[in-house]
There are 4 protein chains.
Amino acid sequence: MSDTSEKGRPEKGQPEKERAEKEQPRRRQARGERRITQLLEAAAQVFCTTGYTAASTNAIAREAGVSPGTLYQFFPNKEAIAIELGERLVHEMRDTYGEALAPVDPATSLKDAVGTAVDRFMAFNTEHPVFFALMHGPDMPGGITEAHDQLHATLIGRVEDLLASLLPEASAADVTRTAHVCLGIYKAGLELVLAHEGAERTAYIQEVKDVLIRYLDPMVGDRLGRT
Amino acid sequence: MSDTSEKGRPEKGQPEKERAEKEQPRRRQARGERRITQLLEAAAQVFCTTGYTAASTNAIAREAGVSPGTLYQFFPNKEAIAIELGERLVHEMRDTYGEALAPVDPATSLKDAVGTAVDRFMAFNTEHPVFFALMHGPDMPGGITEAHDQLHATLIGRVEDLLASLLPEASAADVTRTAHVCLGIYKAGLELVLAHEGAERTAYIQEVKDVLIRYLDPMVGDRLGRT
Amino acid sequence: MSDTSEKGRPEKGQPEKERAEKEQPRRRQARGERRITQLLEAAAQVFCTTGYTAASTNAIAREAGVSPGTLYQFFPNKEAIAIELGERLVHEMRDTYGEALAPVDPATSLKDAVGTAVDRFMAFNTEHPVFFALMHGPDMPGGITEAHDQLHATLIGRVEDLLASLLPEASAADVTRTAHVCLGIYKAGLELVLAHEGAERTAYIQEVKDVLIRYLDPMVGDRLGRT
Amino acid sequence: MSDTSEKGRPEKGQPEKERAEKEQPRRRQARGERRITQLLEAAAQVFCTTGYTAASTNAIAREAGVSPGTLYQFFPNKEAIAIELGERLVHEMRDTYGEALAPVDPATSLKDAVGTAVDRFMAFNTEHPVFFALMHGPDMPGGITEAHDQLHATLIGRVEDLLASLLPEASAADVTRTAHVCLGIYKAGLELVLAHEGAERTAYIQEVKDVLIRYLDPMVGDRLGRT
DNA sequence: GATGAATGAGGATTCATTCAT
DNA sequence: TATGAATGAATCCTCATTCAT
């Protein structure tokens, strides 16, 4: 766990949107909520269109149909928007697919487990193209910005959870490393999948599954339904 | 080796319309050649530090210790710098490791072939961190710039060549798809490798090899020395 | 009169998407309106001093005492400034001298019609030296910019209207050609007029009238009060 | 003679090209001559294409196929190029059409005198499109640059010569003023002529003649062949 | 809350001109 | 001479952010 996720994952219990303006515990007003949603949708749109680095707060405000001042009433900067957006996406993912990305009951074969997980992730990513932009984050080597660090840490956590049940005997460091590798494979695959359509896209999805299955297969012990 | 071919190739064959005087030629170009190298090194530095998208031509010029005007005497824009940089890197790679990324004589086991290829690539990429920045290209989804397209195409080509000899029976489309997947895996792995050091880095390198070997293994036919 | 319509026309009819609150409106726009006027005046000044081509948006902003960013909040580029400036000038001209540049009732002699028209134009142009800069447009041959095209078209239109009543039997093409010639004469004359002062200026104004009258005289039919 | 031609016309006797590098009376070398011609042709091209203001010395050098340094070996700046170009054009005009733009022997009718002069000017201008660019000079009001002042003064001088013989009784001031008016009319007309083609162009040429003839007719005394 | 005006530094790029070779 | 490299100020324009209303 050399350098990833220094800040740990956010405490899932408390309402995330509190964080940005923690100092004034105002009552959350419905209109403000709507504004935030509106802004995040606009941000998603802009991130998808221009990429995170090139996205400008002015452009986001314009896309949302509000003034730049309004944007800054809810978010202190672009970073914060990305963070909030990422958190909401993770939430939605959780809401949609349940707490566990994969239930991994021991009776599930690796193939099925991976297949299901990839299908779900892919479905979600296809439906929420921003996710890709946020996952890849800015151009910068090292993945500097907090937004992506946070999202990445969350995702790594979920993959670790999944792997932990698949590789009960692996050390934490191994699980973490494997999680990074799996997530890396997935991200690389996602890029290819999004770059193609139709049959070719389907083929790439299968490739991703194959890569992951073949990679993990020698690691998982004697699971039932071994591939 | 840092600044390649300072004066090694005095006239590099480009038509230099010398009209009458032919006795006191060159030397003019030498300063420029040096500047170009210098600028490309500065660009490499800046691309590594800030990423391609955020890199500014002014920053590159500053890093190179020249005025912005000087930069534009040699490159029409950032894109051109990236392209030239990519080309020089590819050339250097070829010069260093020979035309073939891997010898792929049929007696080589997949494991050795992949191991050698990954080791070489990793060594090169570790020594030239820009390569990573150029490979990943700008933040922008889809759009991508010519610089990265070009580099990517070149790399895909090389991987295809390698795969073609490993998978003689595969269709062109399959080879291409597999090449994309392999390159994607490699890029993702490289990111992880560069993000770690020491033993952990070594471990990640091994993971990349494992992923590739296990992915390709079922595809390659009955090669000698099958893993 | 120098800065037209500061708050004279509070809402100038443009749809101002006020969403729910309608009680404490405007005032926002007021500052902007003022800035626009201020910027246009600065632009007029700069266009007069340096000419349109050499005028820089930064210089205009500086002259207006605002930052370049502010200028761009109201105008997307120099062209747009020139267009708006031209339109306001035309409006002011119309407001000042009425819809018809000349009354041209048949009882008016050509001499009087031309004399009045030239006097009015000259008075206006003398008071608004930018007009000259805008009329002549940029240096570039052929190309011309939209700003000047528009202004020129408007002026040609007005001259055509005037000529149409003077030359009721002329074809449209002839009227257009004559209008171009008249406007050309006027512009050339204006340049001379503005380049001189006092008696000499007066003399040049008379020359312009003479040129136009003598040019048109053979064309106009049997008007009353023929010269 | 309020403000035009402060510097008077260049002394026609001495070779014009001497002026730019008057300090070293080197022997004029054939190669240098060729270079100058080459540069002036390139400048003509560029002035025509982009206009005087927008023309850059670098562009001229590029067009001439020489380096910027070479250009500055012959001309101290853009201005000097324009001046030299203007002088050469005037020379060529003189060489082509003789010293007098119009001999104006008293037997010539005004119509013929003007017709011939306009035809010659138009022919020359059509063949040398730069002339137009130089005549109109930069965008700047006031016609600041020396190049255009000089060319303008020369042209005014020639028109004055012509008018002097047509209006023997006019005062110098009147002749000068009339010359300015005539040249202004011509320039305005030229713009229209160059903007059209074919029959319409021919029509505009006729208009220019008509304007001038009708303007001058009342001024010329009882010449033979009065229109 | 919301608006839109304001900022000024920074981005890419060009240009007239000079200088070393 | 001729070259082309070098310059740095100036171009247009954008952006994240703040502020008065």
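Values below: every heavy atom of this structure, side chains too, minus hydrogens, waters and symmetry copies.
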### Query
How is B:Arg62 classified with respect to the nucleic acid when contacts are heavy atoms under 4.0 Å: base, sugar-phosphate, or nothing?
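Sugar-phosphate contact only - B:Arg62 comes under 4.0 Å of backbone atoms but never of a base.
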### Query
Looking for any heavy atom pair under 4.0 Å, which part of the strands does A:Ala55 touch: base, sugar-phosphate only, or nothing?
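Here A:Ala55 touches the backbone only, sparing every base.
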### Task
Using the closest heavy atom to pick a nucleotide of DNA chain F for each, name whichever of C:Pro76 or B:Gly65 lands nearer the 5' end.
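So the residue in question is B:Gly65.
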Grab the [atom1]-[atom2] distance between [X] and [N] for me, whole Å please.
| X | N | atom1 | atom2 | result |
| --- | --- | --- | --- | --- |
| C:Asn77 | F:dT14 | CG | P | 9 Å |
| B:Leu39 | F:dG4 | CG | C1' | 15 Å |
| A:Ile60 | F:dA16 | CD1 | P | 8 Å |
| B:Phe75 | F:dA6 | CZ | P | 12 Å |
| B:Tyr72 | E:dG11 | OH | P | 11 Å |
| C:Lys78 | F:dA10 | NZ | P | 16 Å |
| A:Gln38 | E:dT3 | CD | C1' | 14 Å |
| B:Gln73 | F:dG4 | CD | P | 10 Å |

### Message
Pick the closest DNA chain E nucleotide for C:Phe74 and for C:Asn58 by heavy atoms, then say which residue is nearer the 5' end.
### Response
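Nearest-nucleotide comparison on DNA chain E picks C:Phe74.
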### Query
If you find the nucleotide of DNA chain E closest to D:Gly69 and the one closest to C:Val66, which residue's nucleotide is nearer the 5' end?
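Residue closer to the 5' terminus by nearest nucleotide: C:Val66.
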When you measure from the side chain of [X] to the backbone N and O of [Y], does any donor-acceptor pair fall under 3.5 Å?
| X | Y | result |
| --- | --- | --- |
| C:Lys78 | C:Ser56 | no |
| D:Thr70 | D:Val66 | no |
| A:Glu79 | A:Ala147 | yes |

### Message
Pairing donors with acceptors under 3.5 angstrom, does anything connect the side chains of D:Tyr52 and C:Thr53?
### Response
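There is no such pair between these side chains.
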Name the pairing partner of [N], where a pair is Watson-Crick or G-U wobble with both distances under 3.5 Å, or state none.
| N | answer |
| --- | --- |
| F:dC13 | E:dG10 |
| F:dG8 | E:dC15 |
| E:dA20 | F:dT3 |

Nucleotide nearest [X] when distance is taken to its side chain, options [options]:
| X | options | result |
| --- | --- | --- |
| B:Ser56 | E:dG11, F:dA2, F:dA6 | E:dG11 |
| C:Thr70 | E:dG4, E:dA6, F:dT17 | E:dA6 |
| D:Arg35 | F:dT17, F:dA5, F:dT3 | F:dT3 |
| D:Pro68 | E:dT7, E:dT18, E:dT13 | E:dT18 |

### Query
Do A:Arg88 and A:Glu33 sit within salt-bridge range, that is, some charged N less than 4.0 Å from a carboxylate O?
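Answer for the salt bridge query: yes.
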### Query
Can you name the closest pair of heavy atoms from C:Asn58 and C:Pro68 and give their distance?
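Nearest heavy atoms, C:Asn58 then C:Pro68: OD1-CB, 3.6 Å.
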### Query
OP1 or OP2 of F:dG8 sitting under 4.0 Å from any side-chain N/O of B:Ser67?
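Negative; the distance criterion is not met.
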### Task
Kindly say if C:Thr57 contacts the phosphate of F:dC12, meaning a side-chain N or O under 4.0 Å from OP1 or OP2.
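Yes, within the criterion.
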